[in-house]
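Here the structure comes first, spelled out in structure tokens, and everything after it is commentary.
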Number of protein chains: 2
Amino acid sequence: MRQKNFGLLLYLAQKCGLNNKCETSTIELSHEFNCSQQTISRKLRELQESGFIERNPSFAGTELMLTQKSASLIKNHVNQLQKVLSSNANALNLTGKVSSGLGEGNYYMSLPQYIKQFEKNLGFKPFPGTLNFKTNQFELEEFSKKLPLIEIKGFKDKKRTFGGLKCFKVRLQNYDDLALIIPNRSSHKSNTGELIAPDYLREKFKLKNGSRIKITA
Amino acid sequence: MRQKNFGLLLYLAQKCGLNNKCETSTIELSHEFNCSQQTISRKLRELQESGFIERNPSFAGTELMLTQKSASLIKNHVNQLQKVLSSNANALNLTGKVSSGLGEGNYYMSLPQYIKQFEKNLGFKPFPGTLNFKTNQFELEEFSKKLPLIEIKGFKDKKRTFGGLKCFKVRLQNYDDLALIIPNRSSHKSNTGELIAPDYLREKFKLKNGSRIKITA
DNA sequence: ATTACTAAGTTCCGAGTAC
DNA sequence: TGTACTCGGAACTTAGTAA
């Protein structure tokens, strides 16, 4: 919506239909719409000036009809809301705010032993760097719990031990070569999520620190 | 609709979905909704006080979620509009204002030669009297043109000639034992339609002179 | 009976600012 | 960074009327 007098327009659509002429009057409408006759008079004029309705004086009031412009607007409005009702009803998602890349992930992404496992398990060669985002710790846990787990194993070399990490395939808008990674023993705060992908996500999605992102399952 | 801040609520539904928590802030929303941070702040409080959203302060802003009350309201809103889009898209109708019974029809309804034809062609015995309504002359013609014609024949007795009339089955709300009659040579103004039915319509539908009616095909 | 103008009353918005 | 308060002005509504 975001259109002046849209509420009245919707009411008129329900009263008159989209392609019908409708005999009514400002007084009648004011009773039905719970406002004054003067307000209806003004609103009808505004709707007419904006090309949303057509009016003709009639034997006792006004004959009015919604224009094609109104029909399009209303159809569009309904379509948008239908999407919300259907797709979003049970869609899993997680929102957060892009933050600077201090996560552990960047380190993992430089080690061939990890990279090989990513390639094998995710089907893409990850970009050398992670996109970090701050989110709600509890939500992050709940979100990842509901997704199929891809386990990336840790390993040892002569000097030290490298920990394993959890990995989950997710989506960002329509982009689905994307995985959320959560180190098994992370040293940074767990309100941060890390994303890996074959592309440089900051560039691809024009992201800056503070940009809001919404990842879905 | 007719609900305060409904516009913002719809926006939030599109942004956050119906069952999801959503990380955002008053500033972010103010940019997206084209108003000030203060206005969003107030509107969110109002929505919260009315039980349409729930909010929790979060690491950098607010986590918000629509309540079940919002979901119901929005679903209802969409349902109503869907009805408009589907049923009303090509529904034929005619609106008018009940007027006093000075039409010719009352006379016809008293003559057995006509009554027999009505019974045969319409399947009901008409109430002795017509319900007259004023409407737009052109609309009346256009409406009746699109309906199947039932012809009621005129006749002669020793004294004079009685003219024929056109008859069309129509509906008033869910009531469909109803016919619109148009005398072939009418003496009254043709912006008046006449309805016959087995019942006394004024009583059945609590109609007075001036009441608006909408008949459909 | 309408519609619509003006003027006054009311609501709403946002800049400034506190926290 | 955030949210939310105050308050002056803008926007909207309506009573009284004219046409």
Q: Decide yes or no for A/Asp199 and A/Phe205: does some side-chain heavy atom of the first lie under 4.5 Å from some side-chain heavy atom of the second?
A: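 In short, these two side chains do not touch, never coming nearer than 4.5 Å.
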**Prompt:** Mind checking whether B/Phe127 and B/Leu201 have side chains closer than 4.5 Å, heavy atoms only?
**Reply:**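 No, too far: nothing below the 4.5 Å cut-off.
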**OP:** State whether A/Glu28 and A/Lys15 are salt-bridged, where the test is any N-O pair (Lys NZ or Arg NE/NH1/NH2 against Asp/Glu carboxylate O) under 4.0 Å.
**Re:**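 Here A/Glu28 pairs with A/Lys15 in a salt bridge, since their nearest N and O are under 4.0 Å apart.
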Please report, rounded to the nearest Å, how far the [atom2] atom of [N] is from the [atom1] atom of [X].
{"X": "A/Asn34", "N": "D/dC12", "atom1": "CG", "atom2": "C1'", "answer": "17 Å"}
{"X": "A/Glu23", "N": "C/dT3", "atom1": "CD", "atom2": "C1'", "answer": "14 Å"}
{"X": "A/Arg42", "N": "D/dT17", "atom1": "CZ", "atom2": "P", "answer": "20 Å"}
{"X": "B/Gln37", "N": "C/dC19", "atom1": "CD", "atom2": "C1'", "answer": "13 Å"}
{"X": "B/Ile27", "N": "D/dG2", "atom1": "CD1", "atom2": "C1'", "answer": "7 Å"}
{"X": "A/Asn56", "N": "C/dT2", "atom1": "CG", "atom2": "P", "answer": "17 Å"}
{"X": "B/Gln38", "N": "D/dG2", "atom1": "CD", "atom2": "P", "answer": "13 Å"}
{"X": "A/Glu63", "N": "C/dT2", "atom1": "CD", "atom2": "C1'", "answer": "15 Å"}

Does a nitrogen or oxygen in the side chain of [X] sit under 4.0 Å from OP1 or OP2 of [N]?
{"X": "A/Arg45", "N": "C/dC5", "value": "yes"}
{"X": "A/Lys43", "N": "D/dA11", "value": "no"}
{"X": "A/Thr62", "N": "C/dT3", "value": "yes"}
{"X": "A/Ser41", "N": "C/dT3", "value": "no"}

- Message: Regarding B/Thr39, tell me which of base, sugar-phosphate or nothing describes its non-hydrogen contacts under 4.0 Å with the strands shown.
- Response: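 Answer is base: heavy atoms of B/Thr39 come under 4.0 Å of a base.
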Of the listed nucleotides C/dG14, C/dA4, D/dG2, the one nearest the side chain of B/Thr26: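 Closest of the options to the side chain of B/Thr26: D/dG2.
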Exercise for the section: Might you work through the side-chain hydrogen bond (donor to acceptor under 3.5 Å, both in side chains) test for A/Asn93 and A/Arg171, ending with a clear yes or no? Expected result: CA-CA 9 Å; A/Asn93 69 56; A/Arg171 299 166 60 96; over 6 Å; no
(request) Begin with the C-alpha distance, continue with both residues' side-chain angles, and end with the deciding distance and a verdict on side-chain contact (heavy atoms from CB on, under 4.5 Å) for B/Val84 and A/Leu10. (result) CA-CA 10 Å; B/Val84 175; A/Leu10 288 182; over 6 Å; no
